[in-house]
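We use all heavy atoms of the structure for the numbers below, so side chains are in, but hydrogens, waters and symmetry mates are not. As the structure lists them, so they are numbered: ligands from 1, and atoms in each ligand from 1.
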Amino acid sequence: PFILTIAGGGSTYTPGIVKSLMVRLADFPLAEIRLYDIDSQRQDTIAPVVEKVIRDHSDSIRFCVTTDPEVAFSGAHFVFAQMRVGQYKMREQDERIPLRHGVVGQETCGPGGLAYGLRTILPMVELIDLVERFAHKDAWIVNYSNPAAIVAEGIRRLRPDARVLNICDMPVAAMRNIAAVLGVKREDITVDYFGLNHFGWFTRVLVEGEDRLPELREHIARYGLLTANAADTDPQHADPSWVKTWRNIKPVMDHFPEFVPNPYLQYYLMPNDIVAHQDPNYTRANEVMDGREKKLFAAAATYKQTGILPDAFHVGVHGAFIVDVACSLAFDLRQRHLVIVENKGAIANLPYDAMVEVPAYITANGPEPVRMGNVPTFHRALLEQQLASEQLLVEATLEGSYEKALQAFTLNRTVPTMQHAKAILDEMIAANREYWPQL
Ligand code: G6P
Ligand code: MN
């Protein structure tokens, strides 16, 4: 049985992910679960909920809650990394500052994602170093810390040999919905997909060897929704604002004759429309703090007082996917999943060293990407621009370069002019004084 550490133990996602682990103990046996965070108060609030989830399933799994990296990582076989540098307070800034300039305010897309990247790259590398120092020599870090594309590029640049698998649940959440549309199970579809994280396209959806992408496109064209019906979405993506996100895929798709886009492309391809429906004084960060976070904290308080744990956290495809990936790494299952990997020719006409999101077989030694061939000129151009923006942001972080940060912001498709880029960047520098390297 494995020792598993969750880094970012105080996350609102932790109870749901631990629940996903508990229902899969037969596949992924655990000796110990450790929670590690730098915010002990937050982690201590959530830990009793997590312990209860564990005890409902097992008396024997050891449980440890710590802010000491040596205690957290010593001998660990797996680390799930879910850090949020600056917490939701800074997510709120990432979303509000661009919106005040009429630019998309989003956690990972646009200036918000770039700002979050500047905060996260160096702490992520510190985490990798701590894991390498204390953990089992074959330990794997399954990393889904955002902004995943930029974090993955930062890791590639600074720790190219680290045993880190970078993942995001957006493709698998879309696959879950696609399966619902087609009336099959998620496990029964095999997709082809190319792009960068939060920036890509499904090109085939095979069910028993038959490509049902055309049927999926017809469904979206007719019902305007990337799921079977509005009620049928994973709990994590079921808020009204998320249902809107699944709907906005229709205009993005309708204008182009091929493929099914990742819903996040709406931020890059129809930013004006998005901004028109966003409120600079109440962004998604506020929805999450008032919704998911409050509900979980209230449940923790109720549990403390009454010993009864209300059902207040999401168990869904996100946790299931992380466990799938961990199983495939642990037992060399070579399962096919969409993950973020160094390109190495998988997308033939993108740079060899780009961090791309494509299908890969997950082996005990890491992901083996599947060749997706050449992508059309339109898609390649969009990808190269986004890639350049992300790479320049990483270089800005490593070199402390204001010029490169400004180039990264200017190249991002959500940003209409260099004047917007500069005004937003300058406000973000002030807001991130505690977190960013000096630019
Ligand atoms: C999806 C993305 C994540 C992102 C999350 C935000 O799951 O893949 O990268 O963090 O959505 O969801 P939220 O409910 O916090 O807005
Ligand atoms: Mn993601």
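Checked for salt-bridge contact, Arg186 and Asp324 meet the test: a charged N lies under 4.0 Å from a carboxylate O. Remark: Arg292 does not engage Asp239 in a salt bridge, criterion side-chain N to carboxylate O under 4.0 Å. Salt-bridge formation is not detected for the pair Glu132/Arg159: no Lys NZ or Arg NE/NH1/NH2 atom is positioned less than 4.0 Å from an Asp or Glu carboxylate oxygen.
A ring-ring contact (aromatic ring centres under 6.0 Å, His included) with Phe199 holds for exactly one of Tyr264, Tyr268, Tyr267; it is Tyr268. In summary, of the residues considered (Phe194, Tyr193, Phe202), a ring-ring contact (aromatic ring centres under 6.0 Å, His included) with Phe259 occurs for Phe194 alone. Of the residues listed (Ile322, Ile340, Asn143), the one engaging Ile167 in a side chain to side chain contact (heavy atoms under 4.5 Å, CB included) is Ile322, and it is the only one.
In Tyr88, neither the side chain nor the backbone holds a heavy atom less than 4.0 Å from any atom of ligand 1. Only the side chain of Arg91 comes within contact range of ligand 1, with a heavy atom under 4.0 Å; no backbone atom does.
Numbered from 1 in the order shown, with element, the atoms of ligand 1 that lie under 4.0 Å from a heavy atom of Gln236 read 7 (O). Listed by number with element, the atoms of ligand 1 under 4.0 angstrom from any heavy atom of Val288 are 15 (O). Near Cys168, the atoms of ligand 1 lying under 4.0 angstrom from a non-hydrogen atom of the residue are 8 (O).
Here the closest non-hydrogen pair linking Asn197 and Ala149 is OD1-N, 3.6 Å. The minimum heavy-atom distance between Leu226 and Pro263, with the atom names listed, is CD2-CG, 4.2 Å.
The closest approach between Tyr13 and ligand 1 falls below 4.0 Å for a heavy atom of the residue. Not a single heavy atom of His318 sits less than 4.0 Å from an atom of ligand 1. The closest approach between any non-hydrogen atom of Tyr144 and ligand 1 is not below 4.0 Å. Within the structure, the closest approach of Glu287 to ligand 1 does not fall below 4.0 Å when heavy atoms are considered. Residue Met289 places no heavy atom under 4.0 Å from ligand 1.
Taking atom 11 (O) of ligand 1 as the reference point, the nearest protein heavy-atom neighbour is Trp242 CZ2, 3.1 Å. Of all protein heavy atoms, the one closest to atom 9 (O) of ligand 1 is Asn146 ND2, 2.7 Å. With respect to atom 8 (O) of ligand 1, the closest heavy atom belonging to the protein is Asp169 OD1, 2.6 Å. Nearest protein neighbour of atom 1 (C) of ligand 1, counting heavy atoms only, is His237 NE2, 3.3 Å.
A donor-acceptor contact closer than 3.5 angstrom links the side chains of Glu427 and His101.
Considering Arg292, Gln82, Glu293, Arg284 only, the shortest heavy-atom separation from atom 15 (O) of ligand 1 involves Arg292.
Looking at Glu107 next to ligand 1, an N or O pair under 3.5 Å apart turns up.
The environment of OH in Tyr223 is sparse: at most 12 heavy-atom neighbours from other residues, nucleotides or ligands sit within 6.0 Å.
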